[in-house]
S.K.: 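Let me begin by handing over the structure; questions about it come next.
In what follows, chains are A, B, ... by sequence order, proteins preceding strands, each numbered from 1.
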Amino acid sequence: MNLILVLPILIPFTTAILCLFFWKNIKAQRIFHLSGAFLYLIFSFVLFSEVRTNGILVTQVGDWVAPFGITFVGDLFSAIMILINGIIGFATAIYAVGSIDEKRAQYGFYPLLQFLIMGISGAFLTGDIFNLYVWFEVMLMSSFVLIALGGTKPQIEGAIKYVTLNLLSSAFFLTGCGILYGVAGTLNLADLSIKLAELNNPGLVTVIGMLFLVSFGIKAGIFPLFFWLPASYHTPPAAVSAIFGGMMTKVGVYSLIRVYTLLFNHDIGYTHTIILVLASFTMVTGVLGAFAQTEFRRILSFHIVSQIGYMILGLAIFTPLSIAGTIFYIAHNIFAKTNLFFISGVVRSISGSYSLKKLGGLYKPYPMLGILFLISAFALAGIPPLSGFWAKFIVIKAALEVEDLISVAVALFVSLLTLLSMIKIWNDAFWKDKIDSESEEEVNQFKSMSKVKKIFFLSPIVLLALITISIGFFPEFLFSLSRDAAEQLLNPQIYIEAVLGKVK
Amino acid sequence: MEALLAIVIGVLYTAGIYMMLRRSLVKVIFGLVFLGHAANLLIFTLGRITTGKPPFVAAGATSVVEPFADPLPQALILTAIIIGFGVQAFAIILFKKAYHTVGTDDVDKMNSTDRIE
Amino acid sequence: MYSIILSSTTRIVTPLLLLFSFFLLIRGHNEPGGGFVGGLVAATAFLLYLIAFGVLRVKRLLRIEPLFLIALGLLITLVSSLFGLFFQEEFMKGFWLKEEIPILGKFGTPFLFDIGVYFLVIGVILKIIFSLAEEDKD
């Protein structure tokens, strides 16, 4: 069984190596890249169904027994994330073939994307805190190059903010790892969970927890630490911002959930109250920030921040229902957000700009695009019967159950503002008349595209929109999954026993 | 020894954060380097410093006798140094490129992505 | 800048450094040394050559792209980690040959991994140095 658990790392790794060997031959790179992403999708599904039927899968890398070696663990939460990563990776792979220019492809766009996917999978699968740091760095390294690739002035400026803040976060992460090892003498997550409970020193553990909260908080983009995100995510090509906006911040959220359910669950009254306050602030600042913006992707970037707030809210309430809500929310949000970034790329190729002031009148010539946009935008805002409605419903219901009325009010208010902000994009980009219609013919790269390229460009958008709709109409499946995953997360004993065997 | 290292670590963290808050890109890089060193030294110190006691199992024995030097922090630090080396090298190239494209090394002037049209 | 002292020293030191890097690589598993250090020393040899004679001469000396070295190194590490899977064992499990090979000594997958690291390190460092040196020209 251990093969399935390492394949999500091996497939992108092999693909990236093949792409590196065919550095000059972009056509071959594209073929490898697409088939690699497709294989990844298949095997992520196999891993998912395996974990779903057989429970937690564990493999000890290099045959070194659990607390000493590096362990890979696939519990239901990891498996869901890997499956989502497979779908998004595949969609982005198709979209990238349609949208990435020759120059970026020549400088290694495809292998870098594969390395990024590898880093994300590693972060989801590892059961070792220091190994998590290493996977974070693999992911960050490739994302650094991806964000700067092309070397335009806004990209470089965005990259500087992105690189600096993420390196700061890595330094915090490393410090946290060091202190953890100092107090517990182990790095294995399952073993740490036992050792930290035995330590009987909630003060010290909370301090370490706060270090991790800062570190993952920077990566996830929670309230006081999110400034780098809207300053950089709108600079690279749409395919890159799509996978960044969809997957990367969620890796931060994933790690937060992982450490705050498994390691730092001794002083919930203190730590989770902090997270609760941060969640509300994150939701509000994100959505208010989006209001001031007039650039398509910057609005979306600020909405990433505000949506992270909902996910953290679910973690902060810390009941089975709320954690299930968080997982549901992550899944829904990744699909909707990635799709919105994809659509922004198409809009850009049609009108030559991301600025809402220069856009307009897209509904008449491209009605289908408008509808695809509305599906994702309404899903993001939480209009029934789309996926976002259920996601928000579960989180808010969980908040009602613990009678946290302030958070409920904030969440409802923010989702209203999200809708307003989505309508603003709709009005400006699709509905209003375009101001200078002469220049349209010159900038429209979309019309002159070949038919094959158009299919590559648009099919991932349709795919993700279909997923959003089907989650909306059949939420039962994803909800029962999220509930099972939440149950596993809230009973660390299951995880510990799976990794270390039945001790004591 | 621990006290001295603790002071050094504290100074490195302070210097790192201070340098990162400066406006010049070169100083930002120094800040990043200092922070990396500080974290590495912290791991080194927290892994307990033991002199001259290698973690070898003596002939005939089945386990190591306390006190022995823990080899794992060194492995962690080596990994962190390698990662830090790669990331810092990339940061230097990026910052140099930034200086060429933007024409300044003042971080405060790199605000074209933050402006609202 | 051309310096006769530096260039004639380099001519002698570069091969020595490369030889020393091989020595470090081979003795690496049980004694201080290994792929990473060996790779660093080998990259230093090329770096010294670069300082003495310039980027173009190094590229001519190297003949292959640093990127190819990176890909090669990654491929070797990948292959070395796959042996465990071939034998139905855990991923990345180490296997050793029973007999010692002359010069190399004990040979096994961890050694193969080290060779991969060696090439990877040379490739990465040369790539970094080349991109820094080439930007200087314009």
S.K.: Side chain from CB out, backbone as N, CA, C, O: work out which of these in A:Phe13 comes under 4.5 Å of a heavy atom of chain C, or both, or neither.
M.R.: side chain

S.K.: Is the count of non-hydrogen atoms from other residues, nucleotides or ligands lying under 6.0 Å from C:Phe83 atom CZ greater than 12?
M.R.: no

S.K.: Examine whether an atom of A:Val6 lies under 4.5 Å from a heavy atom of chain C, and if so say whether it belongs to the side chain, the backbone or both; otherwise answer neither.
M.R.: side chain

S.K.: Tell me which of these, A:Trp64, A:Phe72, A:Phe21, has more heavy-atom pairs under 4.5 Å with chain C than the rest.
M.R.: A:Phe21

S.K.: Does C:Ile5, at its CD1 atom, have more than 12 non-hydrogen atoms belonging to other residues, nucleotides or ligands within less than 6.0 Å?
M.R.: no

S.K.: Heavy atoms only, distances under 4.5 angstrom: which of C:Ile70, C:Leu72, C:Leu78 has the most pairs with chain A? Name it, please.
M.R.: C:Leu78

S.K.: Roughly how far apart are A:Ile17 CD1 and C:Leu74 CG, rounded to 0.5 Å?
M.R.: 5.0 Å

S.K.: Please look at C:Leu75 and chain A and tell me whether the side chain, the backbone, both or neither of the residue comes under 4.5 angstrom of a heavy atom of that chain.
M.R.: both

S.K.: Taking CD1 in C:Ile64 as the centre, count heavy atoms belonging to other residues, nucleotides or ligands within less than 6.0 Å. Is the count above 12?
M.R.: yes

S.K.: With a sphere of 6.0 Å drawn around CZ of A:Phe38, does it hold more than 12 non-hydrogen atoms of other residues, nucleotides or ligands?
M.R.: no

S.K.: Walk me through it: do A:Trp23 and C:Phe68 pass the test side chain to side chain contact (heavy atoms under 4.5 Å, CB included)?
M.R.: CA-CA 9 Å; A:Trp23 185 255; C:Phe68 179 78; over 6 Å; no

